[in-house]
Each structure stands twice: as C-alpha cells, then as structure tokens.
Amino acid sequence: MTLYFTKEHEWLRVEGESAVVGITKHAAEELGELVFVEVRDAGTEVKAGESVAVVESVKAASDIYAPVDGEVLEGNAALTDDPARVSSDPEGEGWILKFRITNPDQLSGLLDAAAYAALIA
Amino acid sequence: MSTDSLLHTPLFSLHEDQGGKMVPFAGYAMPLNYADGIMAEHRHVRTHAGLFDVSHMGQVKVRARSGSVEAAAKALERLVPADIVAIKNGRQRYTQFTNAQGGILDDLMVARLDDTLLLVVNAACKAADIALMQDELVDCLVEPLEERALLALQGPEAEQALASLAPDVKTMAFMDVRALDVDGASCVISRSGYTGEDGFEISVPALDASRVARQLLAQPNVKPIGLGARDSLRLEAGMCLYGADIDETTTPVEAALEWSIQKSRRKGGAREGGFPGADIILGQLENGVARRRVGLLAEGRAPVRGGAPLYSDPAFADGIGKVTSGAFGPTVEAPVAMGYVATAYAAPKSPVFAELRGRAVPAVVASLPFVPARFKR
C-alpha cells in the first residue's frame, strides 16, 4: 500500500491496481463543511485531470480530478446521507471514491507525503 | 490569496484576533467565516445572536441646503420609487436607485432622523451612488460618512445582548431608527437586518467600533459571523443580493419588490412617478411583466447555484429563465435558490427544471421567504 498526494489536494491510497481517493485535511479545512458529494457513475473511464466527483460546500462547488488515468469503481455511499463526514474525517471514513488505475506509470508523477507537506507549508 | 492591497474596515484586527478567514470583497478584506465555519455560524444566528462587520457598506447623510427634511425627502424621491416624504422621524424604509430603463442601480435603506436622511448603500455601488446624488440632488448636501463603522447584531438573542449596553433598544420596533449611546459611543441604531431574524444595525464612530464590537462579543451567546453565513441567511430570508438577484437589467417589478413602491408614487398617487424609469416601472405595475423573481426548491441535496439555466421541460427545449442565487440552506436543510422565470411559471408550486452539470434537476417555484421572518413588528 502506497499513499500519494496531488497538487489539487487529493490523496490516493494505492493497493495493487486499485486506489481509494479522497481530499486532504488541508483541502477539507479550506472548503468548510460539505453539504453534497456526487461521484461519477461506476464504470466511467477518465483520463488524469478529468473530473471524477463534485464536492459542494454551502458556498461553492469544487471538482475532484482523476489523479491518473482510470475507471470509477464506486463512490462512498455513506456520503449521500452524511457528506459532512468528508469534513470531519477526510483521510479516513470520508474517502470519496474507489478507482481502478489503468496507467500506473503516471503514479511516479504524484507527490509523496513530504512533498505535499512542503506544498501547503 | 493576498489581501495586502485591500481596504480594511475598523474591525480588521478584531477579525484577525477572532481567526477570521479573510477574503477580498468589494475592495475590502472581509471575513468569509471564522473557525466554526459557515454552517455553524448560520445556525448560531438563527438560534442565538451573531455579530457581523458590514462597515464596507456606504453610509451617507443627505440634508437639504434649506435645512428642511421634507425638502431632502422630496429631492431623494427624484431618484427612488419609494415614498420618502412619508417616512416618519425615527423610521426607515427600503428602496432602490433606478435608471431610465427602470433597472436597479443599487438597493438601499433610507432612515429619517431629525433634519437628516441617513442612507445605507451597497459597498460595490457606493462611489456611483454618491456621485449620482451629488450630481442630481443639487439642492442637498450629500455627505459620505467615512469615519463610521457599521455592525449588524442579528438573531433571537440580539435584543438581550444589545440591551445590556443600550437598554432603550428594547422599546424599538422593526425599522425604527434611533440615536443612542452604546458604551459611551454615539451610535445610530436601526432595528433591521439582512437575515430574516430580529436584530439591529449599529452605526458607530470608527474609533469606537472595535471596543463596542468586543463588548457585544463578550455578551452571552454572541459570536462573530462572516460573509458566507450572511449570504446563506439572506437567501433563506428571500432577500435580494445586488449584482446577483437584482441589477441594472432588472426592474423592481420583475424583482418582486413592488411592495417597496407605495401608492403615493404609483399611477394616480399624490406624487406619481418622477423617478428614473417611472414610465416603465409604473406601466409594469399596471400591465404586469414578462418575468418574475421567484424562490426555487430543487429535488435532492445538490445545490443549484447562480447562473444555472431553467427550463419548462427536462429535455432543455424550452428555456424559461435562470437561477440568480443558490446555496444549501443550513436551516431549511435543503438546497434553496432564487431566480427569474417567465411569468407563466411564477406561481408557487410551478414545476421547472434546472440544468446542473448537464442533467435536468426537477424543482418547484416556492414562496419566499424559505424561513419565516421573525421581525419584532
């Protein structure tokens, strides 16, 4: 299991060819309490940088981008009734979607925990 | 985001002390929210009391050169459709500056206090409003009050909190205005606001503002509230945001603000018309309009936001308007929005469809406000 981060303030926990994706604690603090989370349909294939989900605070909607090429496997169903879970536990129970990685070579272009910490410092 | 080049209100240091997340708004560095966040701040105002810094708004004194407040009121009626002459001493009224097309240049509050009219106008419009009045009201002295801050204390516990510093506020009714001392500072207080709750707006000398604000924050159950919750509170209260829900292209009648145009200024009234765009606005009052501002409740939890197109059908064949403000309403616990629709769809419960990320979201037209007003009449 390897943990990666993106410049768009997402985290990606990779196990084999699949990954769990969420937003970082920093992003969750910036967005404030979420009121709605919508993940694209399971089976949707996306390129890195395309939107895979939308998270909404009271004030604004923000896209969640695919960190690498892949396919949406499932959204976190618990967020339908309790989107605020992303705000309270963004790197745990507030995960947003599961994702199948189709181009693992792109992972080397992502950040590790130290590089992400430096980015937001 | 840098806020270095922005103007500061007299409460800037207080916001930083309170942990405010400062953002640019109308040229000022203003708090979007504090540590509790927008949802919690919104709910706090509905259940207790919240203190807002609205010092970025323009406060303007208008007096007739003759010294007669009736003359000042008559002069201001050349620019707005409300009956200003009828405002009694110590009362205030909501109105709009209009243009020749009947569009809204700004919306504002006008209070009458002794020989003076006191106006509160929007931050983004204040320079234009002052220039307009200085050009058009040559029989008046138009004086921007640069050295005054404006605080809003809103919520069911606002009276209790303010009365501990100025007991006389207990005797004020909704839209009353009075000059009162608050902790030794010479303030002008109105019982009004932008949340749908009971509350007060307090004009205070800049030098006293921080001290008075800290005194109010020291009262039980008073918390500082940012612009984020101010927006969600006013949206639930069905109140317009200038630049979003009303602007130079919308008339007061299209915006469903005709309640603010008294009979005396309408056709057949004692002082009929005489303001910019009167022919258009009075005609619309008689004959109706092609579109109206309405409330909208969308199905599901996804907020439908400003700019979303509205249709009569889910296939997007028949465009009937657009959303002008939308957010998740923390008190309603559902998405709330307002926008303009063709008049045929303006009746409550009319079904419409909003376009959201390419999908048709069913919505119904809803009466405003979304949350009942709790003013002290």
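Computed over heavy atoms, backbone and side chain alike; hydrogens, waters and symmetry mates excluded. By convention in this document, chain letters (A, B, ...) are assigned in the order of the sequence lines, proteins followed by strands, and residues within each chain are numbered from 1.
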Check against side-chain contact (heavy atoms from CB on, under 4.5 Å), A/K59 and B/N33: CA-CA 11 Å; A/K59 198 90 189 123; B/N33 58 268; over 6 Å; no
Which portion of A/V54 sits near chain B, non-hydrogen atoms under 4.5 angstrom: side chain
Sequence-distant partners of A/E93, salt bridge (charged side-chain N to carboxylate O under 4.0 Å, His left out), two or more places apart: A/R85
Between B/A229, B/G228, B/P303, the one whose heavy-atom pairs under 4.5 Å with chain A are most numerous: B/P303
Heavy-atom proximity to chain B below 4.5 Å, by part of A/T80: backbone
Contact origin within B/R305 toward chain A - heavy atom pairs under 4.5 Å: side chain
Top of A/S51, A/P83, A/A60 for chain B proximity - count of heavy-atom pairs under 4.5 angstrom: A/A60
Heavy-atom pairs under 4.5 Å with chain A, option from B/S232, B/G300, B/A302 with the top count: B/A302
A/E56 and B/R357 ion-paired at < 4.0 Å: yes
B/R359 vs A/E38 side-chain heavy atoms within contact, under 4.5 Å: yes
Residues from residues 12-35 of chain A approaching chain B under 4.5 Å (heavy atoms): A/E30, A/E33, A/V35
Shortest non-hydrogen contact from A/V58 toward B/P330: CG2-CG, 4.4 Å
